[in-house]
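Okay, structure first, notes after.
Within every chain, numbering begins at 1; the chains are lettered A, B, ... in the order of the sequence lines, protein sequences first and strands thereafter.
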Amino acid sequence: MPELPEVETIKNAVAPLIVGQDIVRVNIFNPNLRWQVDKKKLQSLSSEKILSIQRKAKYIVIYFEKGHIIIHLGMSGNLHYQKNDFTPLRHDHAQFKFKKYSIFYNDPRRFGSIHFAKDLDSFFLFKNIGLEPLSDLFNDSALFKMTRNRKTSIKQLIMNGSLIVGVGNIYASESLFRAKIRPSKPAKNITKKECVYLVSAIKQVLKDAIKFGGSSIRDFKQLDGSSGYFKIKHNVYGREGEKCYQCDTKIKKIIISGRSTFYCSKCQS
DNA sequence: CTGAGATCCTGTCTGC
DNA sequence: TGCAGACAGGATCTCA
C-alpha cells in the first residue's frame with residue numbers, strides 16, 4: 001500500500017493518539033509476516049510509555065525508553081484505531097492496546113513486518129539504508145554521483161532503497177514525468193541539469209502527496225476505517241492510453257524490472 | 001560491486 | 001455466474 005507519503009500520513013495520524021501514553025500490551029495474532037514477529041520482545045514493552053513516533057524510510061518507528069517498535073506496512077499494510085473491545089478484522093495481525101483504544105495492524109498480503117529493536121543503529125534493516133529524499137543530503141550532486149557508471153535505468157535507480165528511500169513505483173513514474181525524463185533512460189546518461197530537475201521533482205511530488213494525505217491508493221483507508229482521503233490526480237501513473245495533460249499525447253505503459261511504468265513519450269526524453 | 005529474477009501472500013479485476 | 005489468469009503500493013535474497 002504505502003509509499004513514503006502514505007507512511008508519513010499514517011504516522012502523523014497515529015502520533016497524537018499514542019505519544020505520551022503507556023502501552024498496555026501488544027497482542028500478536030499472527031506472527032507470520034515478512035519476518036517472524038518476536039512476540040516476547042514486543043510484549044516486554046507492556047506498560048511502557050511511548051516517547052515519540054517517527055518515520056524512517058517507509059518504516060514507522062515507535063520510541064520507548066527500553067527499546068523501539070519498528071513497523072513496515074509492505075504492499076498492503078495499514079493501521080486502524082478502534083475501541084478495545086473491537087473484534088479484530090480479517091488480516092488484523094497485531095493489536096497495540098492502550099487504556100481505552102487500540103491500534104490494529106492489518107496486512108492481507110503479509111509483506112509487512114513488525115520488529116523490536118533495542119538499538120536502531122544496529123537494527124539490520126537500517127544498516128544499508130539510502131538517503132531520505134526530503135533531507136538536504138539528497139541534492140543534485142548526490143544524485144549525480146549515484147548515477148555515474150550505473151547501467152540500470154534511472155527509474156530503477158531512484159527506487160533503489162539502498163540509494164534513496166521512500167520512492168516507490170507510483171511516485172517514481174510521477175517524478176520522472178515532472179522532471180521530463182524517460183524512465184528507461186540509463187542512469188549514467190543523466191546530465192547534471194537533469195539531476196537538478198529530478199531532485200526537485202521527487203521532493204515536490206512527495207511533498208504534494210503528503211499535503212494531500214497520501215495519495216495513491218485505491219483502498220487507502222483512514223485510521224477509523226472509513227475511506228475518504230482525497231485522491232491525488234496522477235499525471236501518468238495508471239493512465240495508459242489516456243491523454244497527457246500537457247500535450248495530449250497518449251500515455252504509454254512499459255514494464256521495467258517487472259514493474260508497470262508510465263510516461264509520456266513526447267514530454268519525456 | 002552490479003543487476004536480473006524469483007519470491008513472500010491475498011485480493012481484485014478482466015476476459016472467456 | 002464461474003473460473004483461470006494477470007496484476008497490485010515493497011524489498012530482500014540468490015545467483016551469474
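Considering only side-chain N and O atoms, A:Tyr171 lies nowhere under 4.0 angstrom from the phosphate OP1 or OP2 of C:dG9. Regarding contacts with the backbone of C:dG9, a side-chain N or O of A:Arg259 is found under 4.0 angstrom from either OP1 or OP2. The side chain of A:His91 contributes an N or O atom lying less than 4.0 Å from OP1 or OP2 of B:dG11.
Rounded to whole Å, the distance from CG on A:Leu163 to C1' on C:dG10 is 16 Å. Atom-to-atom, CG of A:Leu33 to P of B:dC9 comes out at 11 Å; the value is rounded to the nearest Å. In this structure, A:Ile129 places its CD1 atom 11 Å from C1' of C:dA11, rounding to the nearest Å. When rounded to the nearest whole Å, the span between CZ of A:Arg90 and C1' of B:dC9 equals 12 Å. To the nearest angstrom, P of B:dT10 lies 18 Å from CG of A:Asn78. Summarising the geometry, the separation between CD1 on A:Ile256 and C1' on C:dA11 is reported as 18 Å, rounded to the nearest angstrom. A:Gln36 places its CD atom 16 Å from the P atom of B:dC8, with the value rounded to the nearest Å. With rounding to whole Å, A:Asn128 atom CG is found 10 Å from C:dC13 atom P.
With sequence neighbours excluded, the residues satisfying side chain to side chain contact (heavy atoms under 4.5 Å, CB included) with A:Phe98 are A:Ile18, A:Gln21, A:Ile23, A:Ile50, A:Phe96, A:Ile103. Take A:Arg90 and apply the side chain to side chain contact (heavy atoms under 4.5 Å, CB included) test, not counting sequence neighbours, and it matches no residue.
One N or O on the side chain of A:Glu174 and one on the backbone of A:Val236 form a donor-acceptor pair closer than 3.5 Å. A donor-acceptor pair is defined here as one N or O able to donate and one able to accept, closer than 3.5 Å; such a pair exists between the side chain of A:Glu3 and the backbone of A:Tyr171.
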If the sugar-phosphate is the primed atoms plus P, OP1 and OP2 and the base is the rest, what is the B/S/- string for nucleotides 2-7 of chain B, using protein heavy atoms under 4.0 Å?
-> SSS---
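B:dG11 and C:dT12 are spaced 25 Å apart, taking the P atom of each and rounding to whole Å. Rounded to whole Å, the separation between the P atoms of C:dA6 and B:dA6 comes to 14 Å. Going from the P atom of C:dA11 to that of B:dT12 covers 23 Å, rounded to whole Å. Taking atom P on both B:dG5 and C:dC7, the two are 16 Å apart, rounded to the nearest angstrom.
If you check C:dA11, B:dC9, C:dG9 against the side chain of A:Arg110, the one that comes closest is B:dC9. When the nucleotides C:dG10, C:dT12, B:dT10 are ranked by their closest atom to the side chain of A:Trp35, C:dT12 comes out on top.
Across residues 102-109 of chain A, A:Pro108, A:Arg109 each have a non-hydrogen atom less than 4.0 Å from an atom of DNA chain B (numbered order).
Through direct or relayed side-chain contacts under 4.5 Å between Ile, Leu, Val, Met, Phe, Trp and Tyr, A:Leu125 connects to A:Trp35, A:Leu51, A:Tyr59, A:Val61, A:Tyr63, A:Ile70, A:Leu120, A:Phe123, A:Phe124, A:Phe126, A:Ile129, A:Val165.
Judged as a salt bridge (Lys or Arg N to Asp or Glu O under 4.0 Å), the pairs with a partner in residues 61-87 of chain A (not counting sequence neighbours) are, in order, A:Glu48-A:Lys66. Sorted by first and then second residue, the ring pair (Phe, Tyr, Trp, His ring centres under 6.0 Å) pairs involving residues 179-200 of chain A (not counting sequence neighbours) form an empty list. Pairs engaging residues 184-196 of chain A under the salt bridge (Lys or Arg N to Asp or Glu O under 4.0 Å) rule: A:Lys185-A:Glu194 [sequence neighbours left out]. Annotation: salt bridge (Lys or Arg N to Asp or Glu O under 4.0 Å) contacts involving residues 93-121 of chain A, sequence neighbours excluded, are absent.
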Report all side-chain donor-acceptor pairs from residues 256-265 of chain A shorter than 3.5 Å, counting only partners two or more places apart or in another chain.
residue  : atom : partner  : partner atom : Å
A:Ser257 : OG   : A:Gln156 : NE2          : 3.4
A:Thr261 : OG1  : A:Lys155 : NZ           : 2.9
A:Thr261 : OG1  : A:Arg259 : O            : 3.0

Could you tabulate the donor-acceptor pairs under 3.5 Å formed by side-chain atoms of residues 242-252 of chain A, not counting sequence neighbours?
residue  : atom : partner  : partner atom : Å
A:Glu242 : OE1  : A:Arg239 : NE           : 3.2
A:Tyr245 : OH   : A:Arg239 : NE           : 3.2

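Side-chain contact between A:His80 and A:Gln82 is present, with at least one heavy-atom pair separated by less than 4.5 Å.
Contact annotation for A:Phe124: no contact, since no heavy-atom pair falls under 4.0 Å across all strands. Residue A:Gly168 is classed as a sugar-phosphate contact, given heavy-atom separations below 4.0 Å to backbone atoms only.
Residue ring and base: A:Phe111 does not count as stacked with B:dC9 (centre distance below 5.5 Å and interplanar angle below 30° not both satisfied).
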In dot-bracket form, how is DNA chain C paired, counting a Watson-Crick or G-U wobble pair only if both its distances are under 3.5 Å and using | for bases paired to another strand?
-> .|||||||.|||||||
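A side-chain N or O of A:Gln95 and one of A:Ser102 form a donor-acceptor pair less than 3.5 Å apart.
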